[in-house]
Amino acid sequence: MRKIYISKNYTNILAIVAFSFVLSIVGVQISSVFSLVVVWRFIKSPILLIMNTLPITLFMLFIFFITSRLWTSFFFGGTPFLIFYFINRFKIRLRHEPFVPADIYLGNESTKVINLSQLPFNAKLYALIALFVLFSLFLFLCIKSKPMKLLPRSIGVLLTVVLSIFLYNTAYSNTSFYNKFKIYGSQYSQIDVVNSRGFIYSFLIKTHTFDLPVPEEYSPSDCENILFKYNAEKEDNVKLPHIIAIMSEAFWDIDKVEQIEFNNGYNPLENFNKITAKSYYGKIVTTIFGGGTSDSEFSFLTGHSKTTLSGFANPYINLIRKDTYALPWILESKGYKTVGFHPGFPWFYNRYNVYDYLGFQNIFFIDDMDIDRENTYYVSDMDTFKFLLDDFNNHLNIYPDSPYFNFTVTIENHGPYANYDMGNPEIIKKESVDSEYYHIVNNYANGLMSCDKALGYLIEELEKVNEPVVLLYFSDHLPLLGENFSGYKAMNYNIGTSEDLEAYLNTYETPYFIWSNNLAKDLLKDQGKIPFVGEAPYISVHYMALELFDYIGLNDTEYFQYLRELREEFPVMTNRFYKTRDGIFTEELNQYQTEKINEYRLLQYYMLFDKDIESLR
């Protein structure tokens, strides 16, 4: 076959520019789930289109100057960007948030919730891949470019590298310019932001935000003055109960869905409902859906809300790099022996280092457990709680006069949940769920029932302990039940990040309760504290430790005293809505409310980076 010969270098360069613009438009289609409306917006905004295309153009030119081959420039220059576009699409469809640089640092953990065989490929995506490969073959077989001499090639390589570095540190670090582009949808939805401003442009901007930027008007001394107002006399020589706090992976009270019914003999929430009927029980609003466990545990342990921190950062990867003021340090200062336990690998979310920075004196992971590792995918809650109880009993033998604090993050009912018959019992009545997604919901319910049985066992054992024990139990996020909320829609459950208030809150709402054994109740009563029973407040997850302090009557920590006042102003804070002290949800804050949020933002920065914890050691 006779090849088409391109003798002019500028023709090759023009072709590469054209190819890069085509790939950029294709990328917009992939990320926006093939919306021509979104494509038209970019065509109408040429600067935005150029900002999303330039990185592709420069990389393809870089490959061309190295190889002098048009096909290598197109194939090897375009493939990485197409892969990123696909990842972004899948993450939006499955997790309802865009792909961000922090996901690369998370590595394997960021994909654990997704089974690769269940990625939402469709005919359009397969067709795009086929067209890309076929056109690459066409260029390889039918197009031949005149080889460039070494000197112009070297100059071309140097220019593309220098220009790339220059643009990355100027145009692609200018957040003020980035923020000038219009958002179609809600400014609080990262999906709307990325779809409005482009994935490549947004991704590169976010690479500059691994470090939390110093807030405007930040002053450490001003923050110290604010906290000084909340100083309280320290409560010494007060006997405190042992505390066990459990964050249960993807635990959800599925029986709240009106359409859901269980088959006779099955109730996956039997123990949970019995326990909550005698406990302090309520709902929290998290900042994550279907994954991102570390965000919820970060908020619980520190009292910080992701809604007022950088939306681009994973706190455990990006924010916790030194000893940081947190619940374990506070409790250690009260005489507690503190334990952090996760029956997974220590590198998940960098927990091995983070737990140390947050002040846990002892840290345990799956390697510390005596279990059958070869036949264990996710460690069961039953094995997890048995290990916890063994450690608690060892503590009582070694430190009989010191209270015990254990924070455990479970993992048993971690996704993905298969959408086929795995031989599990049919817990859910088939008429309760659309048949297409019955198995994914039923398989999740089977995992839920196993967790519920372990919870019942834990409560039974803690009731036998001849020591006062308080148990806090809450969920990190809702389970990921298929693409685009498909499992929830199959139950007719109102859910969605871009929908009405009810749907939005349903997306992030999870249960919690605080339970205490009889000795803990007696201890609190003897101290003039009434153990709470009944309905607990509807709050954001970063107030969870505060609820625990309220329950046991611990009121002498200045930052949590400040949070107590903030909770009065904003009991619920989300990326889209705020619930104010008058019980109204709003997306717009008045001047006073805006100033309170800004004050909280300043204090969070201070507590994360400048607060001296030496006084707590």
Side-chain angles (χ1 to χ4, degrees), residues 241-253 268-269 271-276 278-284 286 293-301 326-328 331 336-344 348-349 351 355 358 360 362-366 368-369 378-393 395 403-414 447-463 465 469-479 510-517 520 536 541 544-545 547-549 551-552:
H242 304 288
I243 299 172
I244 295 173
I246 294 173
M247 190 170 76
S248 183
E249 172 63 37
F251 192 94
W252 179 47
D253 44 350
L269 292 163
N271 291 299
F272 174 79
N273 289 330
K274 288 179 180 177
I275 295 163
T276 54
K278 302 177 181 179
S279 303
Y280 194 48
Y281 166 61
K283 301 285 186 178
I284 53 172
T286 71
T293 294
S294 65
D295 283 16
S296 289
E297 59 183 278
F298 164 79
S299 290
F300 165 65
L301 291 170
L327 184 59
L331 292 179
Y336 280 85
K337 300 297 182 182
T338 61
V339 177
F341 173 38
H342 175 59
F348 272 18
Y349 289 121
R351 284 189 177 98
Y355 279 8
L358 294 179
F360 286 107
N362 291 302
I363 305 169
F364 300 113
F365 296 101
I366 189 173
D368 300 297
M369 303 179 71
Y378 288 134
V379 177
S380 71
D381 281 14
M382 186 65 77
D383 284 338
T384 298
F385 294 160
K386 287 179 178 179
F387 183 91
L388 184 160
L389 290 167
D390 284 344
D391 184 66
F392 183 30
N393 287 324
H395 166 87
Y404 174 83
F405 170 64
N406 180 298
F407 174 60
T408 292
V409 179
T410 71
I411 199 172
E412 177 177 2
N413 209 17
H414 198 292
L448 190 64
M449 186 165 66
S450 178
C451 296
D452 182 74
K453 289 179 179 177
L455 175 60
Y457 165 79
L458 176 64
I459 292 293
E460 286 180 5
E461 294 302 307
L462 293 179
E463 285 177 333
V465 175
V469 182
V470 171
L471 170 69
L472 166 64
Y473 189 92
F474 66 103
S475 174
D476 53 353
H477 55 72
L478 264 62
T510 66
Y512 77 93
F513 69 81
I514 303 178
W515 170 93
S516 53
N517 65 4
V541 64
M544 197 71 265
E547 284 301 319
L548 178 62
F549 283 172
Y551 188 91
I552 64 175

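All values below come from the heavy atoms of this structure, side chains included, with hydrogens, waters and symmetry mates left out. Bear in mind that the values here come from a model prediction, so they are computed numbers and not experimental data. The first residue in the sequence is number 1, and the count goes up from there.
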Distance check, rounded to the nearest 0.5 Å: [X] atom [atom1] versus [Y] atom [atom2]?
X	Y	atom1	atom2	value
Ser475	Glu249	OG	CD	7.5 Å
His395	Tyr336	NE2	OH	9.5 Å
Tyr355	Tyr349	OH	OH	11.0 Å
Leu471	Asn406	CG	CG	10.0 Å
Thr510	Met247	OG1	CE	9.5 Å
Ser516	Leu462	OG	CG	11.0 Å

Practice task
Tell me yes or no: between the side chains of Glu412 and Ser450, is some donor less than 3.5 Å from an acceptor?
Solution key: yes

Handout entry: Side-chain donor-acceptor pair present, Tyr457, Asp381, cut-off under 3.5 Å
Key = no

Quick one: side-chain contact (heavy atoms from CB on, under 4.5 Å) partners of [X], sequence neighbours excluded?
X	result
Asp390	none
Asp368	Phe364, Phe365, Phe387
Ala245	Phe300, Phe405, Phe407, Leu472
Ser279	Ile275, Phe513, Trp515

List in chain and number order the residues that pass side chain to side chain donor-acceptor pair (under 3.5 Å) with [X], two or more places apart in sequence or in another chain; answer none if no residue qualifies.
X	answer
Ser299	none
Asp452	Asn271
Asn273	Asp255
Ser248	Tyr473

Completion exercise
From the list Tyr512, Phe474, Phe272, ring pair (Phe, Tyr, Trp, His ring centres under 6.0 Å) with Phe251 holds only for Phe272

What are the two closest heavy atoms between [X] and [Y], and how far apart are they?
X	Y	answer
Pro403	Pro241	CB-O, 4.1 Å
Asp383	Ser380	N-OG, 3.0 Å
Asp476	Ser296	O-OG, 2.8 Å
Leu327	Phe549	CD1-CZ, 3.3 Å
Tyr404	Leu388	OH-O, 4.0 Å

Completion exercise
Checking Ile366, Thr293, Val409, Thr410 against His342 for side-chain contact (heavy atoms from CB on, under 4.5 Å), the one that qualifies is Val409

Practice task
Determine the interplanar angle of the His242 and Phe392 rings, folded into 0 to 90°, and report it as parallel if under 30°, tilted if 30 to 60°, perpendicular if over 60°.
Solution key: perpendicular

Handout entry: Note, Val470 side chain near Tyr551 side chain (heavy atom, < 4.5 Å)
Key = yes

Can you list the residues that meet the salt bridge (Lys or Arg N to Asp or Glu O under 4.0 Å) rule with [X], with sequence neighbours excluded?
X	value
Lys283	Asp253
Glu463	none
Glu547	Arg567
Lys278	none

Handout entry: Check: Asn413 side chain, Ala250 main-chain N or O, donor-acceptor pair, under 3.5 Å
Key = no

Problem - Heavy atoms from other residues, nucleotides or ligands near NZ of Lys274 exceed 12 (cutoff 6.0 Å) - result: no

Exercise for the section: Test Leu389 against Leu458 for side chain to side chain contact (heavy atoms under 4.5 Å, CB included), laying out the working first. Expected result: CA-CA 8 Å; Leu389 290 167; Leu458 176 64; 3.9 Å; yes

